[in-house]
Amino acid sequence: MQSAPTRHLPIKGTYNVRDLGGYAAAGGKTQWRRILRADALHRLDGDGVAAMLASGITTVIDLRHGDELIHQPNPFNGHGAVVYHNVSLLDGLAPSLMGEGDVLLELYKLALTQRQPALAQVLRIIADAPAGAVLFHCTAGKDRTGIVAALLLGVAGVEAGLIVEDYALTAELIAPIVADITAGAVARGADPASFQRLLASEPATMAATLAFIQAEFGSIAAYVERIGLDQVTIERLRNRLLGEF
């Protein structure tokens with residue numbers, strides 16, 4: 001008897017690879033091994049790459065910026081079995097770390113309002129991807145990845161509480177690599193004390209992000225239309241998450 005899929009994929013060289021399947025949604029549940037979210041993949045060795053391929057991925061979307069690509073190259077860039085895309089999701093965004101508020105919430109608001117073409121590009125890539133699983137990732141698999149995951153789950157009709165729970169799962173999974181992530185950021189010029197504020201994944205942050213989308217755009221469905229996705233593309237996204245595919 002085949003064992004049930006698990007949300008976290010414990011692949012050596014990664015810490016935060018998670019499946020978006022199994023969530024209650026409008027008209028059913030999201031399907032397993034359709035869409036995966038992840039942290040950086042540069043630690044994968046040959047066995048790790050093979051394990052990733054065995055999970056069914058045929059498309060990888062790297063949401064990191066150019067400097068990250070140079071210092072932590074993606075093993076699937078140029079890999080013959082995978083279609084690789086790079087969309088730098090947070091280019092040009094610099095939230096203030098000086099205030100007392102939720103700096104991540106401000107970052108997510110900036111991304112949702114100022115990086116709409118990039119977000120639309122990512123969603124179109126997922127909608128148009130070939131058969132197999134799509135994996136999208138950033139460095140920790142938390143912020144850039146979390147925004148995209150929230151939009152995908154919202155398009156599928158997953159309720160806000162479950163989207164928040166999915167976001168918050170990152171906290172325990174990335175604990176072993178917080179020091180490594182911080183060191184990488186410091187090497188790129190970040191202040192270590194300020195950068196620590198960016199490593200949280202509190203449920204309240206995603207809850208407030210979803211409330212912002214609701215207040216400003218009406219719903220996630222309305223948001224993805226606003227950023228330029230047509231109904232055919234939106235239906236393809238829903239089908240990848242929910243349909244027989």
Side-chain angles (χ1 to χ4, degrees), residues 11-18 36-46 48-49 52 57 59-79 82-99 102-126 134-151 167 170-171 173-201 205 209 227:
I11 295 174
K12 184 180 178 181
T14 67
Y15 294 87
N16 193 20
V17 180
R18 309 206 305 268
L36 305 178
R37 54 176 296 171
D39 55 326
L41 307 179
H42 63 282
R43 302 178 191 86
L44 290 173
D45 58 13
V49 169
M52 280 290 191
I57 65 167
T59 300
V60 169
I61 307 171
D62 191 332
L63 304 175
R64 300 175 303 156
H65 58 72
D67 192 51
E68 291 172 296
L69 303 183
I70 292 170
H71 289 93
Q72 299 175 339
N74 195 307
F76 292 104
N77 185 2
H79 194 288
V82 166
V83 180
Y84 172 83
H85 303 268
N86 172 229
V87 181
S88 181
L89 195 59
L90 299 184
D91 262 3
L93 300 188
S96 172
L97 298 177
M98 303 303 293
D102 187 337
V103 66
L104 289 176
L105 174 59
E106 295 310 309
L107 176 63
Y108 300 169
K109 288 180 179 180
L110 286 173
L112 289 164
T113 55
Q114 297 185 21
R115 297 294 294 157
Q116 293 179 1
L119 283 165
Q121 182 183 358
V122 171
L123 295 177
R124 288 192 187 99
I125 290 170
I126 296 171
V134 177
L135 179 144
F136 60 95
H137 78 94
C138 54
T139 295
K142 179 174 75 71
D143 303 316
R144 291 164 284 194
T145 297
I147 294 168
V148 173
L151 295 178
Y167 170 79
T170 289
L173 292 173
I174 69 166
I177 55 166
V178 165
D180 185 42
I181 294 171
T182 303
V186 170
R188 295 189 296 272
D191 173 66
S194 297
F195 186 77
Q196 289 295 319
R197 298 181 63 189
L198 298 173
L199 293 175
S201 52
T205 297
T209 301
I227 66 175

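Starting from 1, each residue takes its place in the sequence as its number. Only heavy atoms go into these numbers, but all of them, side chains included; no hydrogens, no water, no symmetry mates.
Separation of atoms CG (Leu93) and OH (Tyr108) is listed at 12.5 Å; rounding is to 0.5 Å. Annotation: the span from Leu44 atom CG to Lys12 atom NZ amounts to 11.0 Å, rounded to 0.5 Å. Atom OG1 of Thr205 and atom CD of Glu106 lie 10.5 Å apart (nearest 0.5 Å). Put simply, CD1 on Ile70 and CD on Glu68 are 10.5 Å apart, with the number rounded to the nearest 0.5 Å. Summarising the geometry, atom OG1 belonging to Thr113 is positioned 10.0 Å from atom CG belonging to Leu119; distances are rounded to the nearest 0.5 Å. Going from atom CG of Leu107 over to atom CG of Asp102 covers 10.0 Å, rounded to the nearest 0.5 Å.
Summarising the geometry of His137 relative to Ala40, their closest heavy-atom pair is ND1-CA, 3.7 Å, with the distance given to 0.1 Å. What you find for Arg37 and Ala149 is that their closest heavy atoms are NH1-CB, 3.5 Å. In this structure, Arg115 and Asp91 approach most closely via the heavy-atom pair CD-O, 3.6 Å. The two residues Ala171 and Ser201 have their closest heavy-atom pair at N-OG, 3.2 Å. In this structure, Ala200 and Tyr167 approach most closely via the heavy-atom pair O-OH, 3.9 Å. Across every non-hydrogen atom of Ile147 and Ala111, the tightest pair is CD1-CB, 3.7 Å.
Within the 3.5 Å criterion, the main-chain N or O of Asp67 finds a donor-acceptor partner in the side chain of His71. Side chain of Thr145 to main chain of Cys138: a donor-acceptor pair is present (N/O by atom type, distance under 3.5 Å, no hydrogens or angles).
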Evaluate side-chain contact (heavy atoms from CB on, under 4.5 Å) for Thr209 paired with Leu112, printing each intermediate quantity in order.
CA-CA 9 Å; Thr209 301; Leu112 289 164; 3.8 Å; yes
I would like to know whether His85 and Gln121 meet side-chain contact (heavy atoms from CB on, under 4.5 Å); could you show each step before the answer?
CA-CA 10 Å; His85 303 268; Gln121 182 183 358; over 6 Å; no
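Within the 4.5 Å cutoff, the side chain of Leu135 has no heavy atoms near those of the Phe76 side chain. Contact of the His79 side chain with the Val60 side chain is not registered, since no non-hydrogen atoms from C-beta on lie closer than 4.5 Å. Taking 4.5 Å as the limit, every side-chain heavy atom of Arg144 sits out of range of all side-chain heavy atoms of Val122. For the pair Asn86/Asn77, no side-chain contact is recorded, criterion being any heavy-atom separation below 4.5 Å from C-beta on. Side-chain atoms of Arg64 and Asn74, non-hydrogen and from C-beta on, do get closer than 4.5 Å to each other.
Taking the side chain to side chain contact (heavy atoms under 4.5 Å, CB included) definition, one finds that Asn16 meets it with Arg18, Asp39, Thr170, Leu173, Ile174, sequence neighbours left out.
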